[in-house]
Amino acid sequence: MQRKTLKTLEYDKILEAAAKFCTNESAVSAMLETVPAEDFSACSGLLARTREADLIGNFYLADPIASFDDISEILKKAPRYSTLSPGEILRAGRVLRAGRIFKGTLEGIESAEIPIFRGYAEAVFDDLPFEKEIEDKILSEDTIADSASEKLASVRKRIKRSNEEIREKLTEMISSSNYTKYLQDNLVTLRNGRYVVPVRAEYKNNIPGLVHDQSASGSTVFLEPTAVVNLNNELRLLYLEEQEEIEKILADLTAKIAARCGELERSVGTLVEADVAFAKA
């Protein structure tokens with residue numbers, strides 16, 4: 001059919017109405033790009049698929065479609081050994097979760113009336129141990145769990161102790177009458193990742209240390225007392241060690257996703273087809 005004919009028939013409105021029932025954005029796109037089949041066997045196949053979706057949803061009251069993200073770019077990136085971000089790894093994990101739910105839901109239906117969806121269930125990839133590994137190690141788009149590795153847990157404990165030690169030392173210093181007269185405020189703050197204290201500009205030479213910043217008015221300088229320079233240096237090295245370990249964790253998870261790219265890509269295609277069928281139903 002020509003696009004003009006389809007437009008006259010308001011076919012696009014039918015697609016838009018059906019797309020509202022899709023669970024995933026990739027399925028929405030696939031639905032909106034749907035064109036009528038032009039031979040009988042193709043039509044029969046599509047109708048059979050929709051009929052099965054209707055049977056599963058309305059007779060067996062099962063909903064095997066879970067939400068997941070478009071991971072097409074992730075599947076291109078991972079095999080190139082470009083380390084994925086925590087958010088990208090989480091998105092791959094959600095596809096694994098969607099595959100597990102889909103497969104598990106359909107396996108729970110004992111019926112010979114859904115052969116197409118039985119085939120879909122076999123084609124969908126699930127890997128519960130890896131799905132759980134991602135879930136356990138990646139807490140959010142920008143947070144790696146302490147338990148992601150023994151080394152990361154150890155480094156973070158040392159970071160916590162180091163932070164506490166520096167803050168205690170500076171708190172003791174700013175509470176002393178020897179220093180309070182030079183301070184703009186009785187507090188400890190951070191500048192360029194280093195602990196500093198706010199000192200009145202005219203007294204900056206009265207406290208041994210390094211100036212890292214000053215206020216907009218110039219009346220306050222943010223000074224790192226000499227007494228904590230070495231501690232701040234040690235803390236900086238610990239943060240670098242933490243970042244290095246995080247990179248190793250992300251690289252390892254990326255390699256595992258890369259090894260599963262074919263299965264994940266096939267799984268996404270199958271889940272999108274199934275989502276479209278349920279939306280039509």
Side-chain angles (χ1 to χ4, degrees), residues 1 3 6-7 9-75 87-88 90-128 130-132 134-135 257 260-281:
M1 282 188 184
R3 290 194 177 278
L6 294 176
K7 185 76 174 174
L9 293 170
E10 297 189 335
Y11 177 70
D12 57 325
K13 292 185 179 178
I14 295 171
L15 293 182
E16 287 168 8
K20 291 177 182 177
F21 292 97
C22 291
T23 301
N24 297 285
E25 286 302 314
S26 296
V28 170
S29 299
M31 179 71 82
L32 296 177
E33 291 169 7
T34 299
V35 293
E38 294 187 0
D39 73 57
F40 182 76
S41 62
C43 282
S44 296
L46 289 168
L47 284 169
R49 187 172 73 182
T50 306
R51 192 176 298 114
E52 284 190 23
D54 183 55
L55 184 66
I56 292 165
N58 292 313
F59 183 75
Y60 294 108
L61 302 177
D63 182 7
I65 305 297
S67 180
F68 60 88
D69 307 277
D70 179 1
I71 61 167
S72 53
E73 290 304 312
I74 293 169
L75 296 182
E88 288 171 325
L90 276 179
R91 288 193 278 283
R94 282 195 282 271
V95 169
L96 288 171
R97 174 180 174 273
R100 174 176 54 80
I101 290 170
F102 184 83
K103 188 182 286 282
T105 302
L106 291 174
E107 286 174 351
I109 298 173
E110 296 179 3
S111 171
E113 297 182 273
I114 54 168
I116 296 172
F117 275 82
R118 287 259 178 264
Y120 282 166
E122 290 175 9
V124 163
F125 176 66
D126 68 324
D127 185 339
L128 183 57
F130 184 43
E131 179 193 338
K132 190 161 190 326
I134 291 173
E135 182 183 306
I257 290 169
R260 295 162 171 79
C261 270
E263 291 91 340
L264 286 167
E265 188 172 13
R266 185 178 68 248
S267 196
V268 168
T270 303
L271 290 168
V272 167
E273 272 191 37
D275 196 356
V276 168
F278 273 93
K280 287 179 180 178

Exercise for the section: Return the orientation label for the F117 and F102 ring planes: parallel under 30°, perpendicular over 60°, tilted otherwise. Expected result: tilted

Handout entry: Side-chain (D39) to main-chain (S41) donor-acceptor, under 3.5 angstrom
Key = yes

Fill in the blank from the handout: Residues at least two apart in sequence or cross-chain that pass side-chain contact (heavy atoms from CB on, under 4.5 Å) with L47, listed by chain then number, are R51

Problem - Set of side-chain contact (heavy atoms from CB on, under 4.5 Å) partners for N58, sequence neighbours left out - result: D54

Problem - Sequence neighbours excluded, every pair satisfying ring-ring contact (aromatic ring centres under 6.0 Å, His included) that has a member inside residues 26-48 - result: none

Exercise for the section: Mind running side-chain contact (heavy atoms from CB on, under 4.5 Å) on V95 and V268 for me, showing each step along the way? Expected result: CA-CA 7 Å; V95 169; V268 168; 3.7 Å; yes

Problem - Sub-4.5 Å side-chain heavy-atom contact between L264 and I257 - result: yes

Show me the side-chain donor-acceptor pairs of residues 107-114 shorter than 3.5 Å, one per line, residues at least two apart or across chains.
residue, atom, partner, partner atom, Å
S111, OG, Y60, OH, 2.9
S111, OG, E113, N, 3.0

Handout entry: For R91, salt bridge (charged side-chain N to carboxylate O under 4.0 Å, His left out) partners two or more places apart
Key = E141

Practice task
Kindly state each residue pair satisfying side-chain hydrogen bond (donor to acceptor under 3.5 Å, both in side chains) with at least one member in residues 260-281, sequence neighbours excluded.
Solution key: N24-D275, R49-E273, Y120-E273, D127-R260

Handout entry: side chain to side chain donor-acceptor pair (under 3.5 Å) against K20, all qualifying residues, sequence neighbours excluded
Key = none

Handout entry: Which residues share a side-chain contact (heavy atoms from CB on, under 4.5 Å) with D63, sequence neighbours left out
Key = I65

Fill in the blank from the handout: Sequence neighbours excluded, the answer for side-chain contact (heavy atoms from CB on, under 4.5 Å) partners of F21 is A279

Handout entry: F125 ring center near F130 ring center (under 6.0 Å)
Key = no

Problem - Results of salt bridge (charged side-chain N to carboxylate O under 4.0 Å, His left out) for D126 - residues two or more places apart only - result: none

Fill in the blank from the handout: Sorted by chain and number, sequence neighbours left out, salt bridge (charged side-chain N to carboxylate O under 4.0 Å, His left out) with E33 holds for none

Handout entry: Contacts of E52 that satisfy salt bridge (charged side-chain N to carboxylate O under 4.0 Å, His left out) - sequence neighbours left out
Key = none

